[in-house]
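Lettering of chains follows the sequences in order, A, B, ..., and the numbering in each one begins at 1. These values consider heavy atoms only, across backbone and side chains, with no hydrogens, waters or symmetry-generated copies.
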Amino acid sequence: MRIVNTVKVSFRALRRNKMRSILTALGIIIGVGAVIAMVSIGNGAKAQIEAQVASLGQNVIIVFPGNFTSGGMRGGWGSASTLTADDADAIAREVANNAGVSVEVRDRQQVLANGLNWNTQVLGESPDYVDIRSWPVVEGAMFSDQDVRSMAKVAVIGKTIADQLFPNEDAVGQTIRIRNIPFKIVGILKGKGFNLMGQDQDDVVVIPYTSHMRRVSRRTNISSILVSSTSAEVIGKVQQDITDLLTQRRKGKEPDFTVRNQVEIAQTATAASETMTLLLGAIAGVSLIVGGIGIMNIMLVSVTERTREIGIRLAVGAHGKDVLLQFLIEAIILSSMGGILGVLIGIGSAQWVSYKVGWPVLISPMSVIVAVAFSAAVGVFFGFYPARKAAQLDPIDALRYE
Amino acid sequence: MAAVVKIEEIHKIYDSGEVPVHAVRGVSLEIQRGEFVALMGASGSGKSTLMNLLGCLDRPTRGRYLLDDIDVSQLEKNQLADIRNQKLGFVFQGFNLLSRTTALENVELPMLYGARRSAREIRERALHSLEIVGLAERADHFPNQLSGGQQQRVAIARALVNSPEVLLADEPTGNLDSKTSVEVMGVFQKLNDQGITIVMVTHELDIARYCKRNLILRDGRLVRDELVPDRLVATEELRKLKEAEAAAKLTSA
């Protein structure tokens with residue numbers, strides 16, 4: 001009813017002062033635009049880190065050996081050699097909700113093939129490794145439990161190795177020499193890209209951990225045990241179960257291992273980017289408030305300038321409420337128009353940054369909704385005082401106002 | 001004939017300053033439907049205050065005011081606004097049109113606040129109102145594109161648009177030259193001939209002579225209430241003025 005007319009009246013009033021309306025809305029446009037752009041960039045960085053963490057694998061729990069102390073000399077983390085493949089077998093057997101267990105032995109070796117050589121990381125693993133790390137074999141297949149038991153001379157290689165050593169041919173079926181021991185390539189892993197530290201994850205050769213320990217590195221201790229839980233919800237439980245099981249197996253000795261899960265690693269990594277997003281958002285939020293104050297300022301000027309108009313409206317039958325609504329709606333139109341334009345500009349500049357600078361951006365619908373709703377709220381909040389001032393004018397005084 | 005305006009012993013006292021100002025001291029008055037009343041008085045005589053009371057812009061301190069048989073003296077703010085919207089039309093000295101708003105939109109203004117009407121009906125009524133004052137072809141003009149007389153006619157059209165019981169005019173010719181004043185008085189006379197009740201404030205004696213009845217206020221009291229004996233007819237006066245102009249041109253030529 002009257003609301004429709006009031007909205008119409010507000011639009012007319014804003015149209016009468018186009019330039020001023022645009023400049024007033026500019027404060028909000030910049031504020032909202034900044035919020036959207038900043039949050040998008042922050043979220044993009046966070047998403048990138050999360051993707052890198054996810055490249056660790058699905059719900060991964062890692063058991064590291066603890067430190068080793070001998071005659072007062074303390075070795076660093078991983079120096080204890082008490083973590084064994086038997087521990088891994090026990091975990092696989094006794095811990096519920098585990099989706100896979102892999103023994104890991106790491107080493108760097110010079111590998112040769114095809115008349116070329118390459119220094120790379122050689123991982124000894126169990127067949128579950130590719131499932132734990134969600135790392136599919138794109139050509140060929142992963143080696144089997146049988147290969148582990150028989151210390152088979154088979155290897156699955158990363159994409160970088162395939163590119164470096166077999167640039168023009170199919171690597172599967174070829175032979176690669178590690179410490180002069182020939183390993184048959186049975187599969188090639190899917191390209192995974194760089195990890196959090198910027199290391200090339202595809203620069204890797206994976207062989208059965210038994211073959212690694214007996215044939216290649218001749219080590220007796222293992223580097224770590226990778227376990228994946230069946231879901232993210234049970235990861236804490238599984239982690240606790242592993243800790244309990246290994247403690248029990250140590251029969252009351254000092255725990256010589258550490259169990260960490262991927263969520264903890266992810267949290268550490270994303271905490272920084274979350275802080276950054278918050279900071280950027282807060283700075284942008286301040287500009288939104290400044291924009292709101294700009295609206296209040298202009299609305300106050302407008303009320304004074306249009307005192308006569310208000311008097312005329314009151315004289316011809318407007319209620320105080322109608323005048324209040326008119327000015328409030330004007331403020332809301334200004335701020336929400338500014339909000340919508342700001343969203344477009346924010347998205348545009350985020351895309352531009354991502355295109356020009358190469359930063360990843362992620363525009364979340366939530367931040368868009370919040371920004372528009374907040375800008376409308378800014379209109380209500382900063383528009384109310386001037387609108388109430390207008391509504392409380394006395395028609396006689398307002399008509400006499402020069 | 002029932003009185004459209006009936007005030008009984010009305011008082012208005014302003015006590016905002018140090019000394020209370022007794023602006024209207026017991027005025028009683030009846031105005032019948034179809035009357036054309038001029039309210040006159042020196043400055044400070046209380047005529048503006050009385051006009052504000054008649055216009056329901058202000059409430060009397062004491063006394064009763066019946067407008068169209070409704071006691072409006074005790075109504076609250078929003079009820080007064082509705083009365084102003086439905087029963088009264090205002091014409092001001094300074095026209096008081098919204099700037100940068102077309103004549104048509106200005107005339108539509110009162111209808112935005114009254115009973116619910118369709119956009120089309122609002123437009124048609126506003127156009128009709130402009131036709132009555134002879135400005136239908138200027139509907140899309142802005143106030144600053146209109147002469148003073150035309151602006152005042154737009155204001156009259158705005159006052160008429162809700163078919164008020166009483167048209168109230170506060171010094172409607174105060175900002176106009178004498179010839180335009182006569183034109184505007186012509187519009188008022190034409191409306192009055194159609195049965196519209198008009199009350200106007202003026203301090204110009206010759207303008208008051210276009211009305212049917214003159215009321216004179218002094219110090220907040222009604223001191224004279226008389227019918228105009230030798231009423232001027234605007235069309236007649238305009239014709240005379242034109243002849244005089246023509247004659248002046250003839251002699252100067």
Side-chain angles (χ1 to χ4, degrees), chain A residues 1-22 298 301-330 333 387-402, chain B residues 12 14 16 23 48-49 51-53 55-59 76-102 104-119 122 142-143 154-155 158-162 164 168 170:
Chain A
M1 34 163 278
R2 285 162 86 123
I3 287 275
V4 179
N5 287 333
T6 309
V7 173
K8 218 185 285 174
V9 165
S10 303
F11 265 109
R12 275 179 192 170
L14 291 175
R15 253 203 335 253
R16 261 186 272 148
N17 271 308
K18 276 197 204 82
M19 193 60 185
R20 189 166 77 183
S21 302
I22 292 166
I298 290 297
V301 170
S302 173
V303 166
T304 312
E305 190 191 88
R306 285 153 67 190
T307 299
R308 231 165 210 282
E309 174 193 329
I310 295 163
I312 297 165
R313 288 180 189 279
L314 291 170
V316 300
H319 291 185
K321 190 188 70 196
D322 296 316
V323 174
L324 179 95
L325 269 181
Q326 180 191 335
F327 280 85
L328 203 52
I329 289 172
E330 277 181 34
I333 290 171
R388 205 186 51 148
K389 213 178 151 201
Q392 284 174 341
L393 284 173
D394 180 73
I396 299 169
D397 295 340
L399 281 170
R400 273 201 209 118
Y401 186 85
E402 294 297 327
Chain B
K12 182 70 192 182
Y14 295 107
S16 52
S48 290
T49 306
M51 198 62 174
N52 287 340
L53 292 172
C56 293
L57 289 162
D58 210 350
R59 268 175 299 194
E76 53 121 339
K77 231 173 130 190
N78 284 346
Q79 289 171 313
L80 283 179
D82 291 337
I83 294 283
R84 290 199 296 271
N85 184 255
Q86 283 142 37
K87 304 223 176 265
L88 299 170
F90 290 93
V91 177
F92 303 96
Q93 178 177 6
F95 320 135
N96 276 345
L97 298 175
L98 300 188
S99 57
R100 280 181 275 181
T101 305
T102 63
L104 187 70
E105 284 176 349
N106 263 296
V107 177
E108 285 175 352
L109 190 66
M111 289 185 286
L112 299 181
Y113 298 110
R116 199 181 162 180
R117 290 194 172 93
S118 70
I122 286 177
F142 292 101
V154 172
R158 181 178 68 193
L160 286 176
V161 79
N162 265 346
L168 296 168
D170 190 358

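- Between B:N106 and B:P143, the shortest heavy-atom distance links the atoms ND2-CG, 3.9 Å.
- When heavy atoms are compared at a cutoff of 4.5 Å, B:Q79 does not approach chain A at all.
- Counting only distance, with no hydrogens or angles, the side chain of B:T101 and the backbone of B:S99 share a donor-acceptor pair below 3.5 Å.
- Using a 4.5 Å cut-off between heavy atoms, A:R16 touches chain B through backbone and side chain atoms alike.
- In this structure, chain A has heavy atoms under 4.5 Å from both the backbone and the side chain of B:N96.
- Of the listed residues B:R158, B:E105, B:R117, the one with more heavy-atom pairs under 4.5 angstrom with chain A than any other is B:E105.
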Just list the side-chain donor-acceptor pairs under 3.5 Å for residues 390-401 of chain A, sequence neighbours left out, or say none.
{"unit_1": "A:D394", "atom_1": "OD2", "unit_2": "A:I396", "atom_2": "N", "d": "3.2"}
{"unit_1": "A:D394", "atom_1": "OD2", "unit_2": "A:D397", "atom_2": "N", "d": "3.4"}

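- The most heavy-atom pairs under 4.5 Å with chain A, out of B:Y113, B:F92, B:F90, come from B:Y113.
- For the options B:L112, B:N85, B:N78, heavy-atom pairs under 4.5 Å to chain A are most numerous at B:N78.
- Ionic pairing of A:D322 and A:R313 is not present here: no N-O contact between side-chain nitrogen and carboxylate oxygen is shorter than 4.0 angstrom.
- Under a 3.5 Å cut-off, the side chain of A:S10 and the backbone N or O of A:Q326 do form a donor-acceptor pair.
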